[in-house]
Amino acid sequence: MTNSSPAGVSRRRLLMAAASIAVTAPLATACGGSGTGAEDGKTLRLWHYEDKDGALGKAWAAAIAEFKKTHPGVKVIFEQKTFEQIQQNASMILNSDSAPDVLEYNKGNATTGLLAKQGLLTDLTSVVEERGWDKKMSKSASVTARYDADGEMGGDKWYGVPNYGEFVLAYYNDDLFKKYDVTKPTDFASLETALAKFKKAGVTPLANAGNDYPASHWLYLLALAKASRTWVDDYQLYKGKVDFHGPEWTWAVKKYEEWLSKGYFDKKDVGLKGADMSEQFVSGKRPIMVSGNWWFGGFTTDIKDFTWSVAPYPGAKMTLGSGGNQWVIPTKAKNKKLAEDFIGITMSDKIQKLIGENGNVPLAVKSDQITNARSKQLIDAFDQYQKSNGLAFYPDWPVPGYYDALVAATQNLMNGASTDSVLDELAAPYEKYLSTRR
């Protein structure tokens, strides 16, 4: 399994962080690299890769300030990295004396799971339970923080602590719904009614992009309309056999074909990227965009010409999503207790509220503690899925390299490939990978 695809780490945020941090921020502040002075218990060395102007960057800056206030005399050595720096060099650095005390790291079997299996991350299970962090999030949101002995997610040992959630939801152009007298959908039937009414008025209703994750996200969402939690666990966690010619994937492909033929999707979107999909919505050309909450913060500043809102995706009881990336403590960290204290601050109401007010999804506070009205909508939508165990992860997670296979299969579907050929294309890499695990 891999979590290196954009779905799991917020493609837009990942790319923005890689670009803006590399250009505008130094790779390290003060002393870095050698861990000088860390052995005395008076130094906390911390890495993360968040853009300083984003919700999480602001939250981590506030957490550092709070840590300094509550730990007088402790020096904080903060190093801002790009996502790629941490992703590419983690194993080597964490296996050396240069390991930080705490760092933000990507969730998933190929990342946190792999390092845990290699013995490079501290087992945080007892700390999580003692400090009550496990009680602050749902079991489904914590799946990607817990791993088994093989480094596969969903195990019984905690190797990371997430502070926020990510998920796929619906974005609506309220002005277009009003203009064309379309009622906002609340279930799959009313969704199709809305799509048909927009199309009849000459409006292509759904934003989409075939040459990136959005189109394959749609395919997985449609499969979830017919899926049970057992099916998701079989597909994502290898708990049982998945039939790619079974009702879930077959219905998804056929429904996608139907929506293409009816013009709910535009076939010309086959070559577009995620940013193009976003522009379709921001420009007011498409009334509905179903995608991740990682677009939310940008929309609050980019959309100036119409009123918009968010809501849970109305087509299924489950959606793509999980807990976010997480804090981990390397096995070779020199000040683990200080690292635990810092993580505790990021889980505090003060920092969690800051995450929510700035347009992200905190795991440890509810929407009634947030004053931003639209942020309340976002958090309420996520909480709905948390309560119902409705976070179904992302379709590319089960298999290394599966992201590219999903994009190719969905593009072929948009270009007119048959149902069976698309299903075969989805099945082949998945089944090949599973055969190597037996």
Partner residues of [X] under the side-chain contact (heavy atoms from CB on, under 4.5 Å) criterion, sequence neighbours left out:
X: K268; result: D266
X: V203; result: Y180, F198, P287
X: K184; result: Y172, D174, F177, S309
X: T186; result: S190

(request) Mind checking the CG-CG spacing from D51 to L56? Nearest 0.5 Å is all I need. (result)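 That separation rounds to 10.0 Å.
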Residues 151-162, side-chain donor-acceptor partners within the protein, below 3.5 Å, at least two apart:
{"from": "E152", "atom 1": "OE1", "to": "R437", "atom 2": "NH2", "distance (Å)": "2.8"}
{"from": "E152", "atom 1": "OE2", "to": "R437", "atom 2": "NE", "distance (Å)": "3.2"}
{"from": "E152", "atom 1": "OE2", "to": "R437", "atom 2": "NH2", "distance (Å)": "2.7"}

(message) Can you classify the ring geometry of W231 versus Y235 as parallel (below 30°), tilted (30 to 60°) or perpendicular (above 60°)?
(response)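 Parallel, since the angle between the ring planes stays under 30°.
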(request) Specify whether W308 and F296 have parallel, tilted or perpendicular ring planes, treating 30° as the upper limit for parallel and 60° as the lower limit for perpendicular. (result)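 Judged by the thresholds at 30° and 60°, the geometry between W308 and F296 is perpendicular.
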(message) If the condition is ring-ring contact (aromatic ring centres under 6.0 Å, His included), which residues does Y256 pass it with, not counting sequence neighbours?
(response)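 Y256: ring-ring contact (aromatic ring centres under 6.0 Å, His included) contacts with F265.
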(message) Which residues pass the ring-ring contact (aromatic ring centres under 6.0 Å, His included) test with F188, not counting sequence neighbours?
(response)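 In terms of ring-ring contact (aromatic ring centres under 6.0 Å, His included), with neighbours along the sequence ignored, F188 is linked to W251, W259.
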(request) Using side chain to side chain donor-acceptor pair (under 3.5 Å) as the criterion, list what pairs up with D383, not counting sequence neighbours. (result)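 Applying side chain to side chain donor-acceptor pair (under 3.5 Å) to D383 gives Q386.
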(message) So, using side chain to side chain donor-acceptor pair (under 3.5 Å) as the criterion, who are the partners of S421 when residues are at least two apart?
(response)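 Applying side chain to side chain donor-acceptor pair (under 3.5 Å) to S421 gives S418.
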(request) Using the salt bridge (charged side-chain N to carboxylate O under 4.0 Å, His left out) rule, collect all pairs that involve residues 349-360, keeping only residues at least two apart or in two chains. (result)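 Matches after skipping sequence neighbours: E66-K350.
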(message) I'd like to check the salt bridge (Lys or Arg N to Asp or Glu O under 4.0 Å) partners of K226; sequence neighbours left out, ordered by chain and number.
(response)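 Partners of K226 under the salt bridge (Lys or Arg N to Asp or Glu O under 4.0 Å) test: none.
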(request) Could you tell me which residues satisfy salt bridge (Lys or Arg N to Asp or Glu O under 4.0 Å) with D269, sequence neighbours excluded, listed by chain and number? (result)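 Salt bridge (Lys or Arg N to Asp or Glu O under 4.0 Å) check on D269 returns R286.
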